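Taking it in order: structure first as C-alpha cells, then the write-up.
Please read these numbers as outputs of a predicted model, since none were measured by experiment.
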Amino acid sequence: MDNNKKEVDFEKYCKMCKDRNTVEINDPCNDCLDYPYNVNSQKPVNYKEDK
C-alpha cells in the first residue's frame, strides 16, 4: 500500500493564512492542528490564502 501522507508545514502556511489573527475563542487553527498529516499535501486542512 502506498502511503501518500505528508507532514503539514504549519510554519510555512500559517503565517500566510487569512485566519492567522482570529480571536482565540473562534480559532479555526485548532482544527488544523488536529491533523498534522494530509494526503498528497503539506497545507493545513482549513488553510485559506490571505490575499
Spacing of [X] atom [atom1] and [Y] atom [atom2] [to the nearest 0.5 Å]:
{"X": "N4", "Y": "S41", "atom1": "CG", "atom2": "OG", "answer": "11.5 Å"}
{"X": "K43", "Y": "K12", "atom1": "NZ", "atom2": "NZ", "answer": "8.5 Å"}
{"X": "C17", "Y": "E49", "atom1": "SG", "atom2": "CD", "answer": "9.5 Å"}
{"X": "N46", "Y": "D31", "atom1": "CG", "atom2": "CG", "answer": "5.5 Å"}

(request) Return yes if some donor-acceptor pair links the side-chain N/O of T22 with the main-chain N/O of D19 below 3.5 Å, else return no. (result)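 Pair found, side chain donor or acceptor close to backbone of D19.
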(request) Looking only at non-hydrogen atoms, find the nearest pair between E7 and Q42 and report the distance. (result)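 That would be O-CG, 3.4 Å.
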(request) Report the C-alpha separation of N38 and K5 in whole Å, then their side-chain angles, then the decisive distance to 0.1 Å, and conclude whether the side chain to side chain contact (heavy atoms under 4.5 Å, CB included) test is met. (result) CA-CA 5 Å; N38 276 334; K5 288 187 176 183; over 6 Å; no
(request) Among residues two or more places apart or on two chains, list those pairs meeting ring pair (Phe, Tyr, Trp, His ring centres under 6.0 Å) that have a residue in residues 7-51. (result)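 Counting only pairs at least two positions apart or across chains, the ring pair (Phe, Tyr, Trp, His ring centres under 6.0 Å) contacts touching residues 7-51 are Y13-Y47.
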